[in-house]
Structure formats: C-alpha cells, structure tokens
Amino acid sequence: MARETFTIEGAGAISLTAEAEGDAYAIPVLLAHGGGQTRRAWRRVVSELAQAGFRAIAFDMRGHGDSDWSPCGAYEMRDFAADLVAAASRLDQKPALVGASLGGLAGLIAAGELAPGSFASLTLVDIAPRMEPSGVMRVVGFMEEHVDSGFASPEEAADVIARYMPHRPRRGASDGLKNYLRQKPDGRFYWHWDPVFIRNIMSARQGDPDSQERQSAMLSQAAANLTLPLHLIRGGSSDLVSEEAVLHLRQLVPHAEYTDIADATHMVVGDANDAFSAAIVDFLGRHQSRDTAQPQGTREL
C-alpha cells in the first residue's frame, strides 16, 4: 500500500508531520512515539496495521523529527496531549490511540483529562502512572548526555546507542539512524529533537524533587477517569514499568487488558515488533467495529 506524508495542525498552530498507510475509509489508529524518537519508530507497525485493515497514522510529536519546535518551549505533558486531541478532532470517526512512553503518558492525559470521548481505545506501550525512578533517570540521562555536544559522526551515535541497549545486536550508522540525527554547520550530528524538551525535564527534576510524585498522581487520576477500552503492553524486562506498577494501573482501571512481552525491554516495539504488532491487532480487532466506520472517511488525514 502507498504511504502518504502530510501535516496535521496540532495545538497552538504547531505543525506536525505525519505518515499514513491503509484505506482512507478504514478505522484510524493514531501512533504516538516516545521521547527522543520520531514517527519512523512505527514503520513496520504502520504496515502491519494497514495489512490488518486499519488506517495507521504515525506522526512526529512536537519538537521531534520533522514537526515544528515550540517557539516558547511548550513541552509539558498537557501540550503533547493537546496535540493528540487536535489530531483526533480532524477525523470523522474516533481513532484508536497507541502511545509509547511519552506518547502513552500524553494519551492518558488526553483521554482521561483533556478530552474524554475523543478516542475509541487507548494502548499504553510500557508506560503507566507509576514509573520506576531509576528507569526514568536512565532514559533521561541517555537523552541528556549528548544533547549539547552531539556526535562527530553517525557511527559515534551508533556506538552510544549500542551501549544504551546492550541486549540488541549492534547496528551500524544506517540510513534509518540518520533520520534521528541532524547535521549542524559545525559538522557535528545532533539528535533530531528540540534540546529544550529534555532541558525542561531536567530543570523540573532538579528544582522540584517531588515533581515525579505529582506527575504520578496526575496520571493516576487521569487513568481512574478512563471508561474506554484500555490495553497495557509491557516489556517483560522493562526497567521503567514494574509488576507493581501494572497492578496499580489495573486497580485504577479494572477493565484494562494486559499483555506482557517476554524478553522485551522498555523499547518494546524495536525489541519484539512481531509480538507487539500481533498484540495490538488482536486488541483493536476485538474493540474496533467496522460498523462504526463512516463512509466519508477522514476530513484532513
């Protein structure tokens, strides 16, 4: 199937770059990536969803990839959530929302606080209201480490990624990796996201040691408000979402479904793409009815 690239207007007139595959009249699935990633993290998933009969739409979150950077540094969780609501509002039928890490946190706020009723279902990919502080700091530390210095070459970036994910075979500086980097006039390569995003996170944590606890309370309340079908997919070896965190979420949302993918880490999609895709296709197939599809398709997507 042909893949289309286009823009979506997010909150505050932020332009978001998106890719879609699948029949324009099929049930839409919005895919929101994790912090520091781009829409390309979903490339195989997009194709598999399209083959399963869905309209898969993956986009770069604000400040990431080819989407606009916020001119005022608006990278709070509610800012990302507002973009999800704006994207959903441009569809003629409620989309299923699949969010990994940052995308999942934004999805919780969007569906449970900002605009309940905007989505047909929510899938959280290795994220929950309660997160392990050590796992959070490992992710944040990785993102912050080279934010100012960049890399001499894509090969150096590949080495850094290999140390961060030692469980995976080392990958060279492929064209795929180059999509996550941008070269500045100084000749060095930098991550393809706004450094203000990670600086805001670090500033909040350093200035307020209780910020994670408050965020957890906010996310827990949003989760408790959910009435739509909810699916949590956890990496069996995740250092971010513990079994206790899973239990906490299931207590907040008793109707939630849960899939544990053995041997996958926090980077579930990249670690076990086939098992992940099978899990979401099964869940969506049971909760998204073609009877609800509207013949006019989508307005702008």
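It should be emphasised that the depicted structure is a prediction, and the values quoted were computed from it without experimental measurement.
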Inter-residue atom distance R205.CZ - M137.CE, 0.5 Å rounding
6.0 Å

Taking all non-hydrogen atoms of both residues, which atom of A18 and which atom of F59 are closest, and how far apart?
CB-CB, 3.6 Å

So, do E19 and R43 sit near enough that their side-chain heavy atoms are less than 4.5 Å apart?
yes

Flag, side chain of R62 to backbone of D83, donor-acceptor distance under 3.5 Å:
no

Centre-to-centre under 6.0 Å for F151 and F189, is that the case here?
no

Check: S89 side chain, A86 main-chain N or O, donor-acceptor pair, under 3.5 Å
yes

Under 4.5 Å between any side-chain heavy atoms of L16 and T7, yes or no?
no

Check this for me: does any side-chain nitrogen of one of R138 and D239 sit under 4.0 Å from a carboxylate oxygen of the other?
yes

Looking only at the side chains, is there a donor atom on one of T265 and D271 sitting less than 3.5 Å from an acceptor on the other?
yes

Do V98 and V29 touch side chain to side chain, with heavy atoms closer than 4.5 Å?
yes

Following the transitive rule for hydrophobic clusters with a side-chain heavy-atom cut-off under 4.5 Å over Ile, Leu, Val, Met, Phe, Trp and Tyr, establish whether Y258 and V253 coincide in one cluster.
yes

Value for CG (L232) from CG (L124), rounded to nearest 0.5 Å, stands at 6.0 Å

Are side-chain N/O atoms of D126 and S238 paired as donor and acceptor at under 3.5 Å?
yes

Verify the neighbour count for atom CG of N225: are there more than 12 heavy atoms of other residues, nucleotides or ligands below 6.0 Å?
yes

Any side-chain donor near an acceptor of the partner, S242 and R130, under 3.5 Å:
no

For H266 and S101, which I'm curious about, is there any donor-acceptor pair between the side chains at under 3.5 Å?
yes

Would you say R234's side chain and V268's backbone share a donor-acceptor pair under 3.5 angstrom?
no

Backbone N/O of D60 and side chain of T38: donor-acceptor pair under 3.5 Å:
no

Any heavy-atom pair between the side chains of E9 and I14 that's under 4.5 Å?
no

Within-4.5 Å side-chain heavy-atom neighbours: V139 and Y164:
yes

Distance, nearest 0.5 Å, that separates CD1 of I201 from CD of Q212
11.0 Å

Sidechain N-carboxylate O distance under 4.0 Å for R199, D148
yes

Closest non-hydrogen atom pair, S118 against P95:
O-CD, 3.5 Å

Check this for me: does any side-chain nitrogen of one of D159 and R163 sit under 4.0 Å from a carboxylate oxygen of the other?
no

So which heavy atom on V241 is nearest to which on A128, and how close?
CG2-N, 4.1 Å

Would you check if there is a donor-acceptor pair between the side chains of N273 and E48 at a distance under 3.5 Å?
yes

Expected output: side-chain R39 to main-chain A32 donor-acceptor under 3.5 Å
no

Pair T259, H231: side-chain N/O donor-acceptor within cut-off below 3.5 Å
yes

Salt-bridge test for R44 and D274: reply yes if a basic N is under 4.0 Å from a carboxylate O, no otherwise.
yes

For A111 and F119, which heavy atoms make the closest approach, and how far apart are they?
CB-CD1, 4.0 Å

Can any side-chain N or O of D79 pair as donor or acceptor with the backbone N or O of E76 at less than 3.5 Å?
yes

Would you compute the distance between atom CG of L49 and atom CH2 of W42 and round it to the nearest 0.5 angstrom?
9.0 Å

So does S149 get a backbone contact from the side chain of R188, meaning a donor-acceptor N/O pair under 3.5 Å?
yes

CG on L102 to CD1 on I127, rounded to 0.5 Å:
8.5 Å

Heavy-atom closest pair, residues L84 and G107:
CD1-N, 3.5 Å

Contact between R3 and S47 at the side-chain level, heavy atoms closer than 4.5 Å - yes or no?
yes

Please tell me whether E156 and H146 have a donor and an acceptor in their side chains that are separated by less than 3.5 angstrom.
no

Kindly indicate, with the supporting measurements, whether the criterion side-chain contact (heavy atoms from CB on, under 4.5 Å) is fulfilled by F142 and V160.
CA-CA 9 Å; F142 167 74; V160 170; 3.7 Å; yes

Please check if the side chain of K184 supplies one atom and the backbone of Y190 the other of a donor-acceptor pair under 3.5 Å.
no

I would like to know whether T17 and F6 meet side-chain contact (heavy atoms from CB on, under 4.5 Å); could you show each step before the answer?
CA-CA 6 Å; T17 300; F6 49 90; over 6 Å; no

Find out whether I198 and W193 are in side-chain contact, i.e. whether some heavy atom of one side chain is under 4.5 Å from a heavy atom of the other.
yes

Using the rule given for side-chain contact (heavy atoms from CB on, under 4.5 Å), can you reason through V140 versus M202, listing the C-alpha separation, both sets of side-chain angles and the distance that settles it, and then say yes or no?
CA-CA 8 Å; V140 171; M202 295 304 296; 2.9 Å; yes

Check whether E113 reaches the backbone of A110 with its side chain - one donor and one acceptor, N or O, closer than 3.5 Å.
no

Does the S67 side chain pair with the main chain of G63, one donor and one acceptor, at a distance under 3.5 Å?
no

Can you confirm if the aromatic rings of F197 and F80 lie within a centre distance of less than 6.0 Å?
yes

Show your working on side-chain contact (heavy atoms from CB on, under 4.5 Å) between L105 and M131 and close with a plain yes or no.
CA-CA 11 Å; L105 296 177; M131 294 169 278; 4.2 Å; yes

Return the NE2 to CG distance between H248 and L219, rounded to the nearest 0.5 Å.
10.0 Å

Under 6.0 Å between ring centres, would you say that holds for H33 and H64?
yes

In terms of heavy-atom contacts, A96 and S121 come closest through CB-OG, 3.4 Å

Tell me, yes or no, whether the heavy-atom count around E243 atom CD, taken from other residues, nucleotides or ligands under 6.0 Å, exceeds 12.
no

Is Q37 close to Y180 at the side-chain level, that is, under 4.5 Å between some pair of heavy atoms?
yes

